[in-house]
There are 2 protein chains.
Amino acid sequence: MTGQQRTRVDTVFDAIFQLILSGEIPLGGVVNEAALADRFGVSRGPVREAVKALQGRGLVTKEPYFKARVVDLSVHDMIEIFQLRESVEGMSVKLATLAMSDEAMQRLLDDFEQAGGNGRVLDLHVRIAEESGNSRIQSLLCDELYYLLRLYRARSGSTPGRHDNASAEHWQILRAMKARDAELAESLMRAHIARATEALQRLLDTESAQPPPEAAKGRRRKETEA
Amino acid sequence: MTGQQRTRVDTVFDAIFQLILSGEIPLGGVVNEAALADRFGVSRGPVREAVKALQGRGLVTKEPYFKARVVDLSVHDMIEIFQLRESVEGMSVKLATLAMSDEAMQRLLDDFEQAGGNGRVLDLHVRIAEESGNSRIQSLLCDELYYLLRLYRARSGSTPGRHDNASAEHWQILRAMKARDAELAESLMRAHIARATEALQRLLDTESAQPPPEAAKGRRRKETEA
DNA sequence: GCGGGCAATACTGTTGACACTTTTTGGTCC
DNA sequence: GGACCAAAAAGTGTCAACAGTATTGCCCGC
């Protein structure tokens, strides 16, 4: 029985992540080891390791003897993440365009046509990362950055007015991939993400012009403006 | 006393990393919690968390109930890392070129001129990442990828015949940065790393043509060729 | 002699208790 | 009334012991 053995650390990890996504533990909120251990019916050990893993993925910040806190994702953080995504996803689509077999390419197009672009926005990006053939890029995008994106979107919703454009841009990228034009696909992907970054930049400008009207309930924001 | 409090986990983390770098724990070798705990005079708890942190940084692989092993960095892994570096460091130098103050730029040039390009090769890359102003890119490069690079180089030495070219390429990049030509700096950096990637690719080709002469002592390579 | 099954071993996963640090609370002095 | 100090409370860091799983070595049947 050497199959997919799930230890309690993994279970607790997912459980805490769900708690964060659902907002039960708000962004910037404290993560109490003992309370969580009691809630999940395990000892503090697994909870400790799960929190450590969350810290390793950048979802939780913590220093010795201080309370662990869920990361407080500001718009500025998102801009940093999008700058990173722009470069990495450009490489991702470039590699995928060069590496995919004709069959895999056709499958990707079919899947996306079937979904009609109505699938979840990240699906295409995930699929491309998986097809890049570079496991490290795939891990960075799918296991680290997209977690943070989901977290941010769960809080603030997607940037409005972007969704319709995004679908058209996705089709452009797919066409370039099918034509095996790796350079074009990279440029289109980078422009696609850069455009989203600019939207965030505008949001940051308006936000700093007029202070946020109301902090979400349960938030602690004191050190954000420092 | 709210200073830089170092917990035992941090100490053990560094100690194990040094053990790996020095080769005392060979690449692919097992990491025994109890033995390390006994050696460092601590309990298994801190060792466990340190190993978990090393796992989070990709230096150790592990699955439940199996022994933890130091990652076995193949040339193929290095190629993946260099592809990732090519995209991220391109963005890094682009952002740094746009963000650095004139003073910081001059300081960077002075430091590098003083070192005469004889400094450790990674220093320039580290400095650029620090000046990019993007903390996530800095963390990815300095806290994750460069660890793996040091590990790989400690085992196999730098790719021969590259060192002299690299210095000239570094100066080209610095000139582009000083001229505030962000696009050129990005292109040069990407070409710089792509060239190193090609050297690795050639190494991979010759290595697969003639099987490696001798596995390093203490290595376990059984599952690598699968 | 050799392969399959079974007991002994070694190691990892988990737990509850104890030690140390931070935070809060209450009281005192100015 | 407010600032400062001390003690209690809360929470994290560490430990040693126990439980569960993979590995190793051995014996038996062929």
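Chain letters run A, B, ... following the sequence lines, proteins first and then strands; every chain starts at 1. These numbers come from the heavy atoms of this one structure, side chains and all, not from hydrogens, waters or symmetry mates.
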Using side-chain contact (heavy atoms from CB on, under 4.5 Å) as the criterion, list what pairs up with Glu33(A), not counting sequence neighbours. Arg44(A), Val47(A), Arg48(A), Lys62(A)

To the nearest Å, how far apart are Lys67(A) NZ and dG13(D) P? 13 Å

Can you check the Glu33(B) CD to dA16(D) P distance for me, whole Å? 15 Å

Under the side-chain contact (heavy atoms from CB on, under 4.5 Å) test, residues paired with Glu130(B) that sit two or more places apart: Val126(B), Arg127(B), Gln138(B)

For atom CD of Glu63(A) and atom P of dT12(D), their distance in whole Å: 13 Å

Roughly how many Å is it from CZ in Phe13(A) to P in dG13(C), rounded to a whole number? 16 Å

Just N and O in the side chain of Thr7(B): are any of them under 4.0 Å from OP1 or OP2 of dT14(D)? yes

Whole angstrom value for the distance that separates P of dG13(C) from CG of Asp10(A): 10 Å

Table of protein N/O atoms under 3.5 Å from nucleotides 6-8 of chain C N/O atoms:
none

Note, Asp110(B) side chain near Arg107(B) side chain (heavy atom, < 4.5 Å): no

With a 4.0 Å cut-off on heavy atoms, is Val30(B) in touch with a base, just the backbone sugar-phosphate, or nothing at all? nothing

Nucleic acid contacts of residues 36-48 of chain A, taken as heavy-atom distances under 4.0 Å to DNA chain D: Arg44(A), Arg48(A)

Classify Val12(A) by what it touches in the nucleic acid, base, sugar-phosphate, or nothing, heavy-atom distance under 4.0 Å. nothing

Could you name each residue pair satisfying side chain to side chain donor-acceptor pair (under 3.5 Å) that touches residues 17-28 of chain B, not counting sequence neighbours? Glu24(B)-Arg39(B)

Backbone N or O of Ala35(B) within a donor-acceptor pair of the Asp38(B) side chain at under 3.5 Å? no

Tell me: CD of Gln55(B) to C1' of dT12(C), nearest whole Å? 13 Å

For residues 50-60 of chain B, tabulate all N or O donor-acceptor pairs below 3.5 Å that involve a side-chain atom, not counting sequence neighbours.
residue  : atom : partner   : partner atom : Å
Arg57(B) : NH1  : Tyr147(B) : OH           : 3.4

Among dG13(C), dT12(C), dA22(D), the one nearest any side-chain atom of Pro64(B) is dG13(C)

Calculate the interatomic distance between Tyr65(A) atom OH and dT21(C) atom C1'; express it in whole Å. 6 Å

Could you check how far CZ of Arg8(B) sits from P of dA19(C), rounded to whole Å? 13 Å

Taking only the side-chain heavy atoms of Phe66(A) (C-beta and beyond), determine which of dT23(C), dT12(D), dT21(D) contains the nearest atom. dT23(C)

Does a side-chain N or O of Lys62(A) approach OP1 or OP2 of dG11(D) to a distance below 4.0 Å, or not? no

Without swapping roles, check the side chain of Ser139(A) against the backbone of Ser135(A) for a donor-acceptor pair under 3.5 Å. no

Under the criterion side-chain contact (heavy atoms from CB on, under 4.5 Å), which of Leu149(B), Leu141(B), Asp143(B) is the partner of Leu145(B)? Leu141(B)

On the 0 to 90° scale, with breaks at 30° and 60°, tag the His170(B)-His125(B) ring pair as parallel, tilted or perpendicular. perpendicular

